[in-house]
A.B. asks: 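Before I ask anything, let me first share the structure, which is written out below as structure tokens.
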Amino acid sequence: MMSSSSLSSSLHCFPPPSLTFQNLKNNDRLIHNFNTPLELKQLHARLIKTNTPLSILPLTKVAFVCALSPSFSYAHQIFSHILEIPQTSIWNSCLIRFAEGDCPSNALLLFYQMRLFDVLPDTFTCSFVLKACLKLSDVVNGKIIHGLFQKLGFGSNLFLQNMILNLYGLCGEMGDAMLLFEKMPQRDAVSWNIVIAQLVKRGDIDGAYGFFLRMPNKNVRSWTSMISGFVQCGKPKEAIDLFMKLEDEAVRPNEVTVVSVLAACADLGDLDLGRSVHEYSTKSGFERNVHVCNTLIDMYVKCGCLENARRVFYEMEERTVVSWSAMIAGLAMHGQAEEALCLFSEMIKLGVKPNGVTFIGLLHACSHMGLIDEGRRFFASMTADYGVIPQIEHYGCVVDLFSRAGLLEEAREFILSMPMKPNGVVWGALLGGCKVHKNIDLAEEAIKHLSELDPLNDGYYVVISNIYAEAERWEDAARVRKLMKDRGVKKTSGWSSITVNGVVHEFVAGDQTHPQAEDICKIWDKLLVKMKGRGYAPKTSVVLLDVEEKEKEKFLYSHSEKLAVVFGLMTTPEGTPIRIMKNLRVCEDCHAALKIISGIVSREIILRDRNRFHCFRDGQCSCRDFW
DNA sequence: GTAGGGTTAG
């Protein structure tokens with residue numbers, strides 16, 4: 001091989017003695033040895049002197065080197081000497097390079113050069129320029145290209161119409177997009193899929209579904225767009241229903257479909273479906289796909305199977321920052337802070353660059369386990385060592401970290417020092433800490449901000465009214481409840497669910513509507529005797545009503561998570577874990593009760609609440625009572 | 001040589 005220094009020295013002894021056509025052809029590097037128009041001109045001169053045909057020049061590179069300079073005309077001349085046909089294709093290959101590169105506007109510049117020199121655009125030219133417009137969200141130039149290709153006679157080219165359709169949609173010109181779609185003489189699956197995806201992006205899930213239903217020949221992308229659309233719009237149940245309908249079609253789910261439906265399983269905690277989609281993925285060879293594995297990790301994490309999530313993670317052939325972040329966040333959610341921190345060190349050792357999401361997982365890990373100093377260090381180091389600028393979510397995590405640990409004043413100072421306006425999540429984190437650590441004054445300060453920032457969120461009113469009730473300030477509690485009523489804010493009622501043999505059973509507090517309600521009651525009574533024998537004392541202070549003790553106990557015993565657990569004990573095989581989901585945070589009394597129950601029945605009880613997982617085993621909880 | 005769907009947080 002010729003080193004660059006020997007190459008340049010051979011250029012200095014000009015003309016090289018053996019620069020013949022044959023030698024040039026054999027010496028590919030020499031022919032490529034130009035990076036500026038000037039160097040090209042020198043090479044050109046040599047070719048003429050040695051009587052070598054210009055056609056051996058790498059034409060695409062010639063175009064690229066001259067594309068955006070006054071030398072355009074020079075390259076243009078070279079091509080005219082070589083080619084009898086139009087030189088469009090050479091410039092096209094240049095265009096796509098620009099369009100796909102870091103500076104797509106260069107494609108536009110080149111395109112206007114081409115127009116200036118009367119190089120005739122073909123459909124590929126237009127599509128590459130449109131690609132650049134798409135990357136730049138440049139609908140103005142897009143419209144110019146649209147007009148141009150219509151003039152050039154490509155107006156009915158489906159490919160180009162689809163690109164324009166996508167561009168209009170992406171730039172928010174939905175009116176133009178729909179007009180174009182309606183006027184299109186023919187449409188293919190791509191046209192329909194573009195409209196569906198655009199409507200999904202705008203949050204118009206019903207509109208998207210309307211198009212989906214009208215669409216004649218749906219392909220796997222149509223189904224996948226719709227399924228992922230439902231997931232993105234917070235309708236995982238609809239996503240799963242649609243996935244089930246896919247079974248009757250002659251369309252096979254692919255990796256992307258699997259990712260979308262697994263995300264829905266994660267949201268719903270649907271472990272059964274998640275497992276069977278995993279099996280399908282294994283059979284189909286999808287486990288080589290890093291997206292699929294990342295979503296499998298998340299699915300298993302959110303379905304309470306940390307062990308399976310770990311297995312997927314460790315068996316992955318390659319991992320991205322998303323895989324690491326998903327696993328770290330998962331460990332945090334399950335209270336395995338030490339392991340999460342270890343994983344982070346390992347990730348850094350392997351040279352994977354953490355992103356903002358990685359740090360959210362880490363900060364969660366710290367705040368769920370009260371690791372205050374570690375949390376502080378991570379927050380400082382994310383900018384200092386990794387160049388990740390903290391977003392409001394990170395500030396929220398730190399406020400949560402301080403507040404849970406009882407450092408309420410420090411949390412407040414931290415909020416006041418934030419470089420951006422604190423949002424509801426931030427003040428809400430402080431409020432949560434005030435409830436645990438019984439600080440009414442700070443809670444009142446937090447609620448003042450919250451009633452402005454997030455006036456329709458029922459959770460905050462409930463917390464402050466509970467804080468008052470716990471302090472037996474019944475009048476204040478009542479005042480908050482009235483405020484809620486005046487503002488039309490409804491309290492979200494708590495529910496817990498358990499899946500048995502594929503059927504989801506949902507319970508709300510005091511629920512007597514379940515067909516087996518009577519049996520549940522009987523079993524609970526028996527269990528209660530054993531629980532009291534092991535020191536369970538109903539924590540009636542959790543009941544925030546001004547009623548008799550006995551009444552309070554009755555309320556406690558009918559909490560939805562207790563009903564769900566008892567139902568699980570009745571209907572699932574001995575020794576198997578019981579998995580419960582709750583829409584709100586677990587109450588203190590239920591937490592104490594489930595710990596004791598797990599010891600009595602020797603069963604693992606895995607509870608996913610709004611915030612995190614609690615895994616009860618042998619009378620203990622994985623959260624170590626810090627939550 | 002060209003167009004449409006995907007993952008971690010919240």
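So that the names make sense, note that chain A is the first sequence line, chain B the second, and so on, each numbered from 1.
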A.B. asks: In residues 158-178 of chain A, which residues come under 4.0 Å of DNA chain B by heavy atom?
C.D. replies: F159(A), N162(A), M163(A), N166(A)
A.B. asks: Do the numbers put K302(A) on top of the ring of F613(A), so that NZ or CZ is under 6.0 Å from the six-membered ring centre and no more than 45° off the axis?
C.D. replies: no
A.B. asks: Of all residues at least two apart in sequence or in a different chain, which pass the side chain to side chain donor-acceptor pair (under 3.5 Å) check with E100(A)?
C.D. replies: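 For E100(A) the side chain to side chain donor-acceptor pair (under 3.5 Å) partners, ignoring immediate neighbours, are K131(A).
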A.B. asks: What parts of residues 193-210 of chain A reach DNA chain B, counting only heavy atoms under 4.0 Å away?
C.D. replies: N193(A), I194(A), A197(A), K201(A)
A.B. asks: Mind checking if D298(A) touches a base, just sugar-phosphate, or nothing, with heavy atoms under 4.0 Å?
C.D. replies: sugar-phosphate
A.B. asks: Can you pull out every ring pair (Phe, Tyr, Trp, His ring centres under 6.0 Å) where at least one residue sits in residues 230-250 of chain A? Sequence neighbours excluded, please.
C.D. replies: Y209(A)-F230(A)
A.B. asks: Could you tabulate the donor-acceptor pairs under 3.5 Å formed by side-chain atoms of residues 254-268 of chain A, not counting sequence neighbours?
C.D. replies:
unit_1  : atom_1 : unit_2  : atom_2 : d
N254(A) : OD1    : V256(A) : N      : 3.0
N254(A) : OD1    : T257(A) : N      : 3.0
N254(A) : OD1    : T257(A) : OG1    : 2.8
T257(A) : OG1    : T224(A) : OG1    : 2.9
T257(A) : OG1    : N254(A) : N      : 3.0
S260(A) : OG     : V256(A) : O      : 3.1

A.B. asks: What class does the angle between the rings of Y386(A) and F359(A) fall in, given that below 30° is parallel, 30 to 60° is tilted and above 60° is perpendicular?
C.D. replies: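 Answer is tilted, since the angle falls between 30° and 60°.
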A.B. asks: Are R404(A) and D400(A) close enough for a salt bridge, meaning some N to O gap below 4.0 Å?
C.D. replies: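 Result for this pair is yes, salt bridge flagged.
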A.B. asks: Establish, yes or no, whether the cationic atom of R214(A) lies under 6.0 Å from the six-membered ring centre of F211(A) and within 45° of the ring axis.
C.D. replies: yes
A.B. asks: If you measure from the ring centre of F128(A) to the centre of the six-membered ring in the base of dG1(B), is it under 5.5 Å, with the planes under 30° apart?
C.D. replies: no
A.B. asks: Can you pull out the residues from residues 221-252 of chain A that lie within a 4.0 Å heavy-atom distance of DNA chain B?
C.D. replies: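 DNA chain B contact set from residues 221-252 of chain A: R221(A), T224(A), S225(A), S228(A), Q232(A).
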A.B. asks: Nearest to the H291(A) side chain among dT7(B), dT8(B), dT2(B), which nucleotide is it?
C.D. replies: dT7(B)
A.B. asks: Remember a base hit wins even if backbone is also touched, and classify A263(A) as base, sugar-phosphate or nothing at under 4.0 Å, heavy atoms.
C.D. replies: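 Since no nucleic acid heavy atom lies under 4.0 Å of A263(A), the category is nothing.
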A.B. asks: When the distance from CG of D188(A) to C1' of dT2(B) is rounded to whole Å, what number comes out?
C.D. replies: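 D188(A) atom CG is separated from dT2(B) atom C1' by 13 Å.
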